[in-house]
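Report on the following structure.
For clarity, every value in this text was computed on a predicted model and none was experimentally measured. Below, each value reflects all heavy atoms present in this structure, side chains not excepted, and no hydrogens, waters or symmetry copies.
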Amino acid sequence: MHHFTPVFPSVPVTFSGQSLISHAGVSVLTGFMDALGFGRLCEDRLGQFVPASAKHRPGRLVGSLAAMLAAGGEHASDLDILRSSPGVFGQLPSNATVSRFFERTVVNPELFSYGFETLTRELRTRAWNAAGNRNPVLVAAAADPLIIDLDATLVTSHSDKENVAGTYKGGYGFAPFIASVDYGTGNGSGEILAAVLRPGSAGANSAEDHIRVFHTAAAQLPEEFYDETGALAGEKILVRTDSAGASRKFLWHLHSLGVQFSTSYTLPFGKAHMIEWISDKEYWQPALDQSGNDRTDAWVINATDVIPLTDYPPDTKLFLRTEPLHPGAQPSLLDTDGHRITAFLTNSPRWHGPFLDARHRARGRCENRIKTLKNTGLGKLPFFDFAANQAWANIAALAFNLVSWLQLAALPHGHHAKSWDIKRWRYRLFATAGKIITRARRKQLLLPESAPEKDLLKLLLDNTGRLKQLISPPG
């Protein structure tokens, strides 16, 4: 006789009217939003996009969408998961109410963009101030500037939408331009300053688009990055890009603002032979890894005096890096003795080549931020109208930033959760289940004692409670 042995326990399933909460962990994020004074700020900046007599105010509309996207939702209809738990998340707007809200953003997109940008700037200021000595403002200086990464990406559209076009990869969709802040290794995932939608046919190396996105991003920085006259304190900022940002027009514009830059550079073929003049490793320095340790198989050299630069801003330096070809890499005509040579330009006041090289190579982290931004809403733009999709992209960036600000403001330096990707936050924290009970005429949310991240939940709830007293405006 064969006995069937189940892989998992077989438990009978019944449905109940009890107040069971499937995503109770998201309450950590909504509590953090309340601590930032989110509702009042939204009413002040976006109140004109909701009728005066409407039950659902801008804070509830935008906040619920941001929380839903952070928790893993992809469409406005995914609000029903949070809507099914009014005891924790309140009475949330219907899909029709959300749709009407986005229709109003299409009527006056410039006003909505301005209101949303001022909203997120104030939220950022409050979150950074709440971080104490971890505030990025406090460490920003000419020798250690705030790093802003600029990079374009592609978002596929599976249906016809306003301003969609063919992409250089043969696809069809949009080519958003992203500006993000890098907190540095071990300090969190960084955050999004701007997510500017563009048609799919937009080029990645447009100097005008680089300038526009940079100014959109700079307008998001707290007032400490501006002097008494309102001029940008450019020496506190470093813009980092791939070779698409190496255009002279863009670099001269940054130079005129006093902004530092570090951009990849494609060596002109006519100058590649000059590398042979400095092939002797006697003149090269060992490259550094991201921990600051010497590498034995990579080298860096300042080649400014050997390979001249024409019509670039003053103090622009050219650095070369050489390392063995990675497994599977295709050799090119510019490779020397089996080594791949890459280059970057910088006007940084620092001269130590290995440090500058390690800082520039950390630009790869912006790719992870773009991937996460797509996971929080940018990857699926749901509307036909371009302005509505831009508003959706802004809310997706807000969802990303709320988690980043929570890491920055509510977690101590070195905490393991600072390095978590959004997917890990969702699975380990936001998906924690709970139950609403009434005790002594007061509702309470019960979370399981056996939750794997019980200590993290408690830490975040305690610190968020203190932040609410610290940074929320009185009244």
Side-chain angles (χ1 to χ4, degrees), residues 29-70 76 79 82 89-93 97-131 135 137 191-196 215-226 230 377 387-388 390-406 408-410 464-465 467-475:
L29 192 63
T30 57
F32 179 66
M33 294 164 68
D34 285 338
L36 293 176
F38 186 84
R40 186 173 298 182
L41 275 175
C42 281
E43 187 67 36
D44 181 56
R45 304 301 202 274
L46 303 175
Q48 60 270 48
F49 292 94
V50 174
S53 59
K55 172 184 176 183
H56 298 291
R57 307 309 305 163
R60 182 65 59 84
L61 277 160
V62 176
S64 60
L65 287 170
M68 176 269 294
L69 290 172
L79 271 178
L82 304 184
F89 304 112
Q91 298 292 332
L92 298 187
T97 300
V98 172
S99 179
R100 288 193 295 269
F101 174 76
F102 280 98
E103 288 174 359
R104 296 186 191 100
T105 68
V106 174
V107 175
N108 198 337
E110 293 81 9
L111 182 61
F112 179 81
S113 293
Y114 176 77
F116 202 91
E117 288 168 5
T118 57
L119 165 69
T120 52
R121 186 192 189 201
E122 179 60 27
L123 289 172
R124 177 172 292 104
T125 299
R126 294 183 182 184
W128 285 17
N129 288 340
N135 186 344
V137 169
E191 62 185 79
I192 304 298
L193 291 177
V196 179
H215 282 284
T216 302
Q220 286 290 297
L221 298 177
E223 61 183 11
E224 287 84 356
F225 284 93
Y226 294 84
Q390 178 63 71
W392 180 270
N394 291 341
I395 295 175
L398 175 62
F400 180 110
N401 289 340
L402 286 170
V403 178
S404 296
W405 294 335
L406 182 64
L408 180 68
T464 299
L467 291 176
K468 189 171 184 178
Q469 299 177 355
L470 176 66
I471 63 181
S472 288

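E117 and R121 are not joined by a salt bridge, as no carboxylate oxygen comes within less than 4.0 angstrom of a charged side-chain nitrogen.
Evaluated for a side chain to side chain donor-acceptor pair (under 3.5 Å) with T120, the options E191, Q220, R45 yield exactly one hit, Q220.
Put simply, the side chain of L41 reaches to within 4.5 Å of the side chain of R126, judged on heavy atoms. Side-chain contact between R100 and P93 is absent, with no heavy-atom pair separated by less than 4.5 Å. Here the side chains of I395 and F116 are in contact, with some heavy-atom distance below 4.5 Å. L398 is listed as a side-chain neighbour of L123, based on a closest heavy-atom distance under 4.5 Å. Taking 4.5 Å as the limit, some side-chain heavy atom of R57 sits within range of a side-chain heavy atom of V50.
One N or O on the side chain of N129 and one on the backbone of T125 form a donor-acceptor pair closer than 3.5 Å. Between the side chain of R124 and the backbone N or O of L193 there is no donor-acceptor pair closer than 3.5 Å.
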Inset, instruction - Walk me through it: do T464 and D34 pass the test side-chain contact (heavy atoms from CB on, under 4.5 Å)? - result: CA-CA 9 Å; T464 299; D34 285 338; over 6 Å; no
Inset, instruction - Give the intermediate values and the outcome of side-chain contact (heavy atoms from CB on, under 4.5 Å) for residues F32 and L36. - result: CA-CA 6 Å; F32 179 66; L36 293 176; 3.7 Å; yes
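Relative ring orientation between W392 and F102 is described as tilted, the plane-to-plane angle lying within the 30° to 60° band.
Shown here for G47 and P58, the closest heavy-atom pair between the two residues is CA-CG, 3.8 Å. Residues L46 and G115 approach most closely at CD2-C, 3.9 Å, considering heavy atoms. In this structure, V137 and P222 approach most closely via the heavy-atom pair CG2-CG, 4.2 Å.
In this structure, CZ in R60 is found 12.0 Å from CD in E43, a value given to the nearest 0.5 Å. Distance check, rounded to the nearest 0.5 Å: CG of L61 to CZ of F101 gives 6.0 Å.
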